[in-house]
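Let me begin by presenting the structure, written as structure tokens, before commenting on it.
Residue numbers begin at 1 in each chain, while the letters A, B, ... track the order of the sequences. What you see below is based on every heavy atom in this structure, not just the backbone, and it leaves out hydrogens, waters and symmetry mates.
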There are 2 protein chains.
Amino acid sequence: MLADSEIEHLDNIVQRKRVLKKGEFLFKAGDPFDAIHAIRSGSLKSYTISSDGIEQLTGFHLPGEMVGLNAVSTEAYPSFAKALETSLVCSIPFDRLEALARDLPALQSQLFRVMSGEIRDEQELMMLLSKKNADERFAAFVMNLSARYRRRGLSDKEFFLSMTRSDIGNYLGLAVETVSRLITRLQKKELIEIKDRYLCIKDLHELSALAGTSCHH
Amino acid sequence: MLADSEIEHLDNIVQRKRVLKKGEFLFKAGDPFDAIHAIRSGSLKSYTISSDGIEQLTGFHLPGEMVGLNAVSTEAYPSFAKALETSLVCSIPFDRLEALARDLPALQSQLFRVMSGEIRDEQELMMLLSKKNADERFAAFVMNLSARYRRRGLSDKEFFLSMTRSDIGNYLGLAVETVSRLITRLQKKELIEIKDRYLCIKDLHELSALAGTSCHH
DNA sequence: CGAATGTTTGAGGATGCTCAAGGGATGTGG
DNA sequence: CCACATCCCTTGAGCATCCTCAAACATTCG
């Protein structure tokens with residue numbers, strides 16, 4: 001945690017708050033890397049474009065989270081970041097953040113921790129992708145969102161899915177049709193309820209069990 | 001890159017060089033996190049144990065690479081690190097590294113870059129797992145090792161696979177049998193040649209094309 | 001209101017897993 | 001040094017999961 005005086009320093013270097021409308025880019029792959037970004041409200045997706053021109057989703061970003069940490073060692077952003085809905089974003093020039101981190105041990109420490117945490121989260125996702133079947137993946141995806149909303153003090157049982165079914169499928173390595181069928185099935189089992197894009201978790205315990213690593217049968 | 005004087009500082013805080021024999025642990029999940037580690041020679045694997053007791057591989061570590069970066073924000077290591085062969089490892093107490101980074105801007109910067117790079121590498125792996133079929137995964141795996149050896153000035157066309165087929169399958173989300181069949185097939189196509197665990201890339205160009213993101217047919 | 005985009009459902013098929021078995025390599029204790 | 005156990009690798013046959021293709025409906029937006 002940062003002290004008030006430190007947060008004040010941070011506020012000073014926040015370049016600007018920017019509003020992105022749905023579909024607008026925070027940055028594109030190839031844009032020169034200059035800043036990392038904190039989501040204040042709304043949500044974004046990160047993706048790359050493969051050599052055959054297909055969108056490859058790498059992550060969703062919710063309020064309170066950072067975008068651009070994967071670009072620190074590069075000249076240019078390696079991915080696109082696009083708003084899934086109207087979103088408010090704060091950008092922080094990285095060179096200034098780095099300089100400030102030298103003077104504020106707590107900030108340096110915090111940055112290391114945030115980056116380390118991102119590494120860990122991705123390892124978890126990798127296991128999800130390499131070990132779990134479709135149902136488990138989707139359950140884990142929902143539980144992951146739930147936990148992230150809870151961490152920010154928002155409801156962990158009811159929230160809005162700002163991404164399309166197609167985005168979810170792309171992210172989880174599943175076909176859109178499979179995602180749609182999963183949702184139907186989990187609703188029939190009364191684990192969740194989805195009306196349009198509002199998701200309500202009916203049985204958090206059961207869903208968590210499904211998401212938890214389990215054997216293949 | 002660090003200046004000589006900076007490297008000297010670093011050398012001073014390297015706790016010790018440790019030799020690990022095949023099968024020995026560098027650390028176990030749950031061990032208190034105190035240091036990150038640099039591989040001097042040999043190789044290690046990282047893995048977690050899922051709730052049902054199954055080993056879940058998260059990465060391989062080659063000479064010149066760092067282990068433990070995913071633990072910076074935690075009290076304890078979240079994974080196991082086990083030597084795949086006799087290996088030499090340098091451990092660096094993290095609190096001292098952090099302190100030193102405050103005084104050596106280049107070191108701080110380097111740490112940010114290494115961590116950011118790890119985030120990026122994992123995103124690439126995620127895409128591999130969610131988008132590619134078995135052949136593409138294995139080709140990408142071999143190309144990845146090849147590039148990492150090249151970066152360290154070692155041969156990128158011939159190297160030793162210190163991990164078992166089972167480890168590879170676990171890592172790539174494939175059954176051992178599938179890995180074995182893949183190897184047989186790629187040898188018949190004369191893209192690679194494997195004698196025991198010595199791998200020789202016969203057609204780097206073709207293998208690279210196979211590894212590169214391509215459509216599902 | 002039409003066009004584009006997103007969602008759902010069905011039918012058939014391919015990829016990769018499971019199960020099964022055999023051979024080879026490595027290591028340990030007698 | 002051999003016998004035995006264990007681990008690793010390979011190959012085959014059958015099958016399940018999830019993808020592809022196809023079509024219809026819903027929703028959003030200009």
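Residues passing the side-chain hydrogen bond (donor to acceptor under 3.5 Å, both in side chains) test with A:D121: none are found, sequence neighbours excluded. Contacts of A:S87 classified as side-chain contact (heavy atoms from CB on, under 4.5 Å), with partners at least two apart in sequence or in another chain: A:L44, A:A83, A:E85.
Note: NZ (A:K188) to P (C:dT8) measures 12 Å, nearest angstrom. In this structure, the CG atom of A:L84 is 11 Å from the P atom of C:dG6, given to the nearest Å. Rounded to an integer number of Å, the gap from A:K21 NZ to D:dG30 P is 10 Å. One interatomic measurement links the two molecules: CD of B:E136 to C1' of D:dC19, which rounds to 14 Å at whole-angstrom precision. A straight line from NZ of A:K45 to C1' of C:dG6 spans 12 Å, rounded to a whole angstrom. Distance B:R137 CZ to C:dT15 P: 14 Å, rounded to the nearest Å. One interatomic measurement links the two molecules: NZ of A:K132 to P of D:dC18, which rounds to 14 Å at whole-angstrom precision.
Taking the ring centroids of B:F27 and B:F80, they lie at or beyond the 6.0 Å cut-off.
Contact record, B:T58 with B:Y171: O-CE1, 3.6 Å, taken as the closest heavy-atom pair.
Across B:K82, B:K45, B:R197, a single residue satisfies salt bridge (charged side-chain N to carboxylate O under 4.0 Å, His left out) together with B:D167, and that is B:K45.
DNA chain C lies under 4.0 Å from at least one heavy atom of each of the following residues of residues 163-174 of chain B: B:G173, B:L174. Contact check of residues 189-203 of chain A against DNA chain D (heavy atom, cut-off under 4.0 Å) returns no residues at all. Against DNA chain D, the stretch residues 176-184 of chain B makes heavy-atom approaches under 4.0 Å through B:E177, B:S180, B:R181, B:T184.
Salt bridge status for B:E65 with B:R148: present, with a side-chain N to carboxylate O gap under 4.0 Å. Residues B:E118 and B:R113 are not paired through a salt bridge, judged by the lack of any N-O separation under 4.0 Å between the basic side chain and the carboxylate.
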**Message:** Determine whether B:Q123 and A:N70 satisfy the following criterion, side chain to side chain donor-acceptor pair (under 3.5 Å), listing intermediate values before the conclusion.
**Reply:** CA-CA 9 Å; B:Q123 283 172 353; A:N70 61 353; 2.8 Å; yes
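Within the structure, ring pair (Phe, Tyr, Trp, His ring centres under 6.0 Å) contacts touching residues 181-206 of chain B (residues at least two apart or in different chains) are B:F160-B:Y198.
We find the OG-CD1 distance between B:S180 and B:I168 to be 10.5 Å, quoted to the nearest 0.5 Å.
Using cut-offs of 30° and 60° on the angle between ring planes, the pair B:Y77 and B:F33 is perpendicular.
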